Every structure is written in structure tokens, then in C-alpha cells.
Amino acid sequence: MSHIADITLAPSGEKKIRWAADHMPVLASIAEDFRKERPLEGLKVALSVHLEAKTAWLCRVMEMAGAEMFVTGSNPLSTQDDVAAALVSGGMEVFAHHGASPEEYEADIDSVLAPGPNIIIDDGGDLVHGMHTRFPGLIEGVLGGCEETTTGILRLQAMARAGELKFPMMLVNDADCKHLFDNRYGTGQSVWDGIMRTTNLIVAGKQVVVSGYGWCGKGVAMRARGMGARVIVTEIDPVKAIEAHMDGYTVLPMSEAARLGDIFVTVTGCSNVVGPEHFPLLKDGAILSNAGHFDVEVNAAALREMAVDRFEARHNIEGFVLPNGRTVYLLAEGRLVNLASGDGHPAEIMDMSFAVQAMCARYIARHRDELKPGVIRVPAEIDESIARKKLETLGISIDALTEEQIAYLGI
Ligand code: NAD
Ligand code: SAH
């Protein structure tokens with residue numbers, strides 16, 4: 001029995017889902033195939049992904065494929081109650097509400113695992129972790145699953161190395177059609193969307209500090225520069241640091257960047273990137289935000305402890321008065337600013353990420369007898385077919401190798 005905030009919000013959620021679906025043409029074409037083939041017929045799917053409109057449309061596409069869906073969010077602050085209501089009014093089982101406490105969040109995870117899923121769609125590893133620790137007796141029924149994000153994959157790889165991963169998990173984030181677009185262009189845009197709608201301040205002329213120059217960091221830095229900010233990058237990887245330098249950014253250690261930044265964005269997957277040693281160095285009015293997986297990149301717990309006073313400056317902005325008299329601001333409790341303070345990545349981006357998810361779910365169903373426990377790379381054919389469909393929907397044509405070129409290249 002579903003557990004959500006308010007079913008009467010369904011009409012607003014329905015509009016959001018329709019708008020998103022109309023801008024996700026690759027997923028629409030997969031939906032057409034799924035309606036005919038019913039590749040997930042008779043299978044139970046547990047899904048934990050940021051519960052907003054694009055995710056809801058993925059859930060519906062999986063349902064069209066024949067799946068029985070059990071849905072929850074992947075972050076208590078990114079769940080949109082109207083979207084959850086729309087899914088429930090369409091007959092889906094949903095367990096999530098905005099602002100769930102850690103205990104309620106875990107109870108919702110358990111609610112989607114308890115029916116005994118055959119396929120798991122995870123975003124950060126909470127379902128896989130819950131399955132192994134709290135529902136080991138149901139693992140036998142799991143054919144496999146898909147992981148959406150970088151940090152979730154690191155957790156899966158560690159489990160696989162230790163021989164603890166008990167079913168196959170496909171590394172969706174590592175597919176080209178996912179991280180090249182979602183992490184870079186998706187995060188690049190949605191982080192600034194989240195920061196701007198939350199603060200209503202100008203980015204042009206600001207000194208922005210981006211921590212981590214991976215796929216997400218590259219996008220966040222690129223878009224900050226595009227809006228007229230001066231950008232500093234902090235890194236721990238010497239190669240990425242050179243890349244940032246060659247891309248024209250200033251590269252500094254955090255101990256120096258902390259003194260200069262007006263707006264900070266962490267996207268590392270690491271912890272304590274901006275921590276107690278940095279807080280006293282920050283300028284009065286500095287704004288801290290995080291777009292990496294956990295709320296530990298900006299050490300919010302240490303900031304709360306150090307502050308002599310705290311106040312709500314504006315919705316989703318908390319002010320902290322430090323012992324040196326300066327005030328610094330933390331956005332969205334230090335959780336992913338693009339999702340906890342916005343709608344996450346744009347629909348055209350999630351079109352590709354969720355196309356990978358949908359095709360991987362079908363791959364698991366089709367290859368159920370061959371797949372072994374452990375991590376599985378997304379087959380290149382899935383990437384290629386999604387890229388070709390995306391190009392088609394964008395009206396872009398490309399060349400094909402001639403026989404002569406194939407011979408010349410020796411392919
Ligand atoms: P990535 O591995 O490509 O990049 C991470 C970078 O951070 C690396 O270059 C690494 O060297 C650097 N780094 C690590 N520790 C650091 C530290 N202490 N200081 C400075 N730099 C450090 O990963 P990615 O795909 O860019 O993902 C980054 C994080 O963002 C992950 O946690 C991922 O799950 C999350 N993510 C968030 C969103 C979103 O919508 N907000 C989208 C995709 C991924
Ligand atoms: N449980 C984590 C989730 C990781 S978030 C947490 O603490 O919140 C990172 C993932 O969110 C990315 O891999 C990206 O694909 C996904 N994402 C970004 N925008 C999204 C959106 N609009 N809808 C659903 N997922 C989104």
C-alpha cells in the first residue's frame with residue numbers, strides 16, 4: 001500500500017510528468033518498443049532515484065514494459081510530492097515524501113525491497129545496501145540491477161572486490177551516453193539553476209570555487225565561466241589539475257581558494273573538502289554548496305558545531321555566524337544543490353540517462369540466465385543505439401564509413 005504525502009496533489013504532478021515526457025524522445029521511442037515487446041512482463045522492479053518528473057516517466061515506461069513497479073526516492077529533499085501523487089493515482093506503488101527523516105527514508109527503502117524485487121534500479125547504492133543487509137533472504141530472486149551514479153559505482157566495485165556483491169549490477173553511470181552528458185552538461189546547468197533560484201544573486205563577476213574537476217566539475221566550471229564568473233578549481237589528482245589549468249582555470253589548494261571564493265561548489269564524491277580548517281578563512285558572505293553524492297563534502301556538521309549563531313536567511317539558505325564574526329551561508333543543508341534546491345538535470349539530459357537505465361533493465365531480463373554476480377559494463381551496442389536515436393531526434397545526420405575507409409582503417 002503506497003505511502004506518500006498527499007494524493008490530491010496529483011494533477012500538478014501529472015502536468016510536470018507530461019512536460020518532461022514530451023522532452024524525452026529517446027525514452028518515448030523505447031516506450032514504443034516496450035509496449036509491443038513487454039520485456040519486463042511479470043517482473044517486480046524496485047526503484048530508488050530522485051523522485052521527480054523525469055524519474056516518474058521512466059517508471060511509467062518500465063510499467064509499459066510489463067514491470068510491477070515499487071518506487072521510492074534517492075534523497076529526502078529531492079522527492080516532489082505532487083509527482084509521487086500522480087504516480088499513485090495512476091495505480092503505482094510509491095513510498096516517499098519530501099523531507100522524510102532518516103528513519104522514514106530507510107522505511108521507504110524497505111517498503112520497495114520487501115515485495116522481493118527481480119530488478120533493482122539504484123542511485124547511490126541504498127537499495128543494494130538494504131538488500132544485502134536487511135533482506136538477504138530475498139537476494140535469490142534478484143536477476144540484477146542498475147546503478148545510476150559515480151559514487152554508487154565506487155561502492156559496488158568495493159563490494160565486488162570483497163566478494164560481497166551477490167547479484168549482477170550494471171554500471172549505468174559509466175556508459176558514455178550517461179556520464180558524458182548527464183554528469184557534465186546536466187550537472188553543469190542544473191547546479192547553477194539550483195544556486196540561482198535559491199539565492200537570486202548574480203553569478204557574473206563572482207569568484208567561484210569548483211572542487212573536483214571530474215565529469216561534473218568540468219560542467220560546473222564551464223557554465224560558471226560562461227555566465228561571467230572567475231573560476232578557481234581545486235583538485236587532488238595531478239592530471240585533472242593540469243587539465244583544469246590548460247582549460248584556463250586557476251588551480252589552487254583549498255587553503256588558498258577558501259580565502260578568495262564568493263560561491264563554492266563541491267563535486268568530488270569525497271568528504272571534508274571544505275572543512276573546519278577552512279571555515280575561518282572564508283570571506284564574510286561566502287556561499288557554500290555541494291553537488292556531490294553525500295552531504296559531507298562541505299562539512300556541515302563541523303560548521304554547525306563551530307557557529308556561534310545560525311539562522312534561516314531564505315528558504316534553503318542557512319546562515320552561520322562564525323567565532324570571527326563573519327557570516328557564511330550553506331545551501332540546501334549541503335545536499336545536492338541541483339536536486340534539493342531545484343528540479344535536477346533537464347529532461348533532454350535525463351532522456352539519455354534513463355534510456356540507458358531502461359535498456360539495461362531489458363538487457364538484464366533478456367540475459368538473466370547468463371549474468372553472474374558482480375559489476376557489469378554497459379554493452380557498447382546500448383550506448384551506440386541510444387546515441388543514434390538521440391541524433392535522429394535532434395535532426396542531426398552523420399557520415400558512415402565507406403568500404404574503402406573500413407579497409408583503410410583495418411576495422
Ligand atoms: P569523477 O570521479 O569524474 O570526479 C571527481 C573528481 O573529484 C576527481 O577528479 C577527483 O580527483 C576529485 N577529488 C576527489 N577528492 C577531492 C578533494 N578532496 N578535493 C578536490 N578534488 C577531489 O566523478 P563525477 O562523475 O564528476 O561525480 C562527482 C560526484 O558527483 C559523485 O559523488 C557523483 O555521485 C556525484 N554526481 C552528482 C550529480 C548531481 O546531479 N548532482 C550528477 C552526477 C554525479
Ligand atoms: N542518493 C544520492 C543520489 C546521487 S545523485 C543522494 O544523496 O542524493 C546523482 C544522480 O542524480 C546523478 O547520477 C544523476 O543522473 C541523477 N539526477 C540528476 N538530475 C536528476 C533528475 N532530474 N531526475 C532524476 N535523477 C537525476
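Here the structure is a predicted model, which is why all the values come from computation and not from measurement. All heavy atoms count here, side chains included; hydrogens, waters and symmetry mates do not. One-based numbering, in listed order, for ligands and for the atoms of each.
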At a non-hydrogen distance cut-off of under 4.0 Å, which region of [X] contacts ligand 1 (side chain, backbone, both, or neither)?
{"X": "Cys216", "value": "both"}
{"X": "Glu235", "value": "both"}
{"X": "Asn338", "value": "side chain"}
{"X": "Leu336", "value": "side chain"}

For [atom], grab the closest protein heavy atom and report residue, atom and distance to one decimal in Å.
{"atom": "atom 31 (C) of ligand 1", "result": "Thr151 OG1, 3.3 Å"}
{"atom": "atom 24 (P) of ligand 1", "result": "Thr150 OG1, 3.7 Å"}
{"atom": "atom 5 (C) of ligand 1", "result": "Thr268 O, 3.7 Å"}
{"atom": "atom 3 (O) of ligand 1", "result": "Trp215 N, 3.1 Å"}
{"atom": "atom 41 (N) of ligand 1", "result": "Ala291 O, 2.8 Å"}
{"atom": "atom 34 (O) of ligand 1", "result": "Thr149 OG1, 2.9 Å"}
{"atom": "atom 15 (N) of ligand 1", "result": "Cys270 CB, 3.3 Å"}
{"atom": "atom 1 (P) of ligand 1", "result": "Gly214 CA, 3.9 Å"}

*Give the single entry among Val267, Ile236, Asp174 that approaches atom 28 (C) of ligand 1 most closely by any heavy atom.*
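Minimum heavy-atom distance to atom 28 (C) of ligand 1 goes to Val267.
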
_Could you work out, for atom 35 (C) of ligand 1, the closest of Arg184, His293, His179 by heavy-atom distance?_
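It is His293 that holds the nearest heavy atom.
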
*Flag the pair Leu165 / Gln157 as yes when at least one side-chain heavy-atom distance between them is below 4.5 Å, and no otherwise.*
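No - every pair of side-chain heavy atoms lies 4.5 Å or more apart.
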
*Any side-chain heavy-atom pair from Val210 and Val267 closer than 4.5 angstrom?*
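In short, these two side chains touch, coming nearer than 4.5 Å.
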
Just distances here: any N/O of [X] and N/O of ligand 1 closer than 3.5 Å?
{"X": "Lys240", "value": "yes"}
{"X": "Gly292", "value": "no"}
{"X": "Lys178", "value": "no"}
{"X": "Asp182", "value": "no"}
{"X": "Asn173", "value": "no"}

*asked:* Testing the basics here: between Asp383 and Cys177, what is the closest heavy-atom pair and its distance to 0.1 Å?
replied: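 Here Asp383 and Cys177 meet closest at OD1-N, 2.8 Å.
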
*Please name the pair of heavy atoms, one in Leu138 and one in Leu113, separated by the smallest distance, quoted to 0.1 Å.*
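That closest heavy-atom pairing would be CD1-O, 3.4 Å.
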
*asked:* Against the six-membered ring of Phe320, is Arg304 placed for a cation-pi contact (under 6.0 Å from the centre, within 45° of the normal)?
replied: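 No; the conditions do not both hold, so Arg304 does not lie above the ring face of Phe320.
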
_Lys NZ or Arg CZ of Lys218 over Trp215 ring: under 6.0 Å, within 45°_ =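 Checked: cation-pi criterion met.
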
*Numbering the atoms of ligand 1 from 1, which are under 4.0 Å from a heavy atom of Gly269?*
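Ligand 1 atoms under the 4.0 Å threshold to Gly269: 29 (C), 32 (O).
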
*Residue Asp237 vicinity, atoms of ligand 1 by number, heavy atom under 4.0 Å*: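 Within the 4.0 Å cut-off of Asp237, ligand 1 contributes 11 (O).
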
Using a distance-only test with no angle check, is there a side-chain donor-acceptor pair under 3.5 angstrom linking [X] and [Y]?
{"X": "His50", "Y": "Ser74", "result": "yes"}
{"X": "Asp126", "Y": "Tyr105", "result": "yes"}
{"X": "Ser48", "Y": "Thr72", "result": "no"}
{"X": "Asn75", "Y": "Asp123", "result": "no"}

By the definition side chain to side chain contact (heavy atoms under 4.5 Å, CB included), identify the one residue from [options] that meets it with [X].
{"X": "Glu333", "options": "Asp295, Asn290, Leu77, Val298", "value": "Leu77"}
{"X": "Pro379", "options": "Glu384, Met359, His367, Met170", "value": "Met170"}
{"X": "Arg314", "options": "Asn200, Leu331, Thr199, Thr198", "value": "Asn200"}
{"X": "Arg335", "options": "Ser78, Pro76, Ser341", "value": "Pro76"}

_Pair Phe95 and Phe70, ring centroids less than 6.0 Å apart_ =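 No, the ring of Phe95 stays outside the 6.0 Å limit from the ring of Phe70, centre to centre.
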
*Looking at Phe181 versus His345, is the centre-to-centre ring distance below 6.0 Å?*
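Not under 6.0 Å, so no.
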
*At the 4.0 Å heavy-atom cut-off, does Met254 count as touching ligand 1?*
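Not so, Met254 does not reach ligand 1.
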
*Whether Phe167 and His132 hold their rings parallel, tilted or perpendicular, with breakpoints at 30° and 60°*: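 Tilted.
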
*With a 4.0 angstrom cut-off on heavy atoms, strictly below it, pick out the residues next to ligand 2 and order them by chain and number.*
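For ligand 2, the residues that come within the 4.0 Å heavy-atom cutoff are Val49, His50, Glu52, Lys54, Thr55, Ser74, Asn75, Asp123, Glu148, Thr149, Lys178, Asp182, His293, Leu336, Leu339, Asp343, Gly344, His345, Met350, Phe354.
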
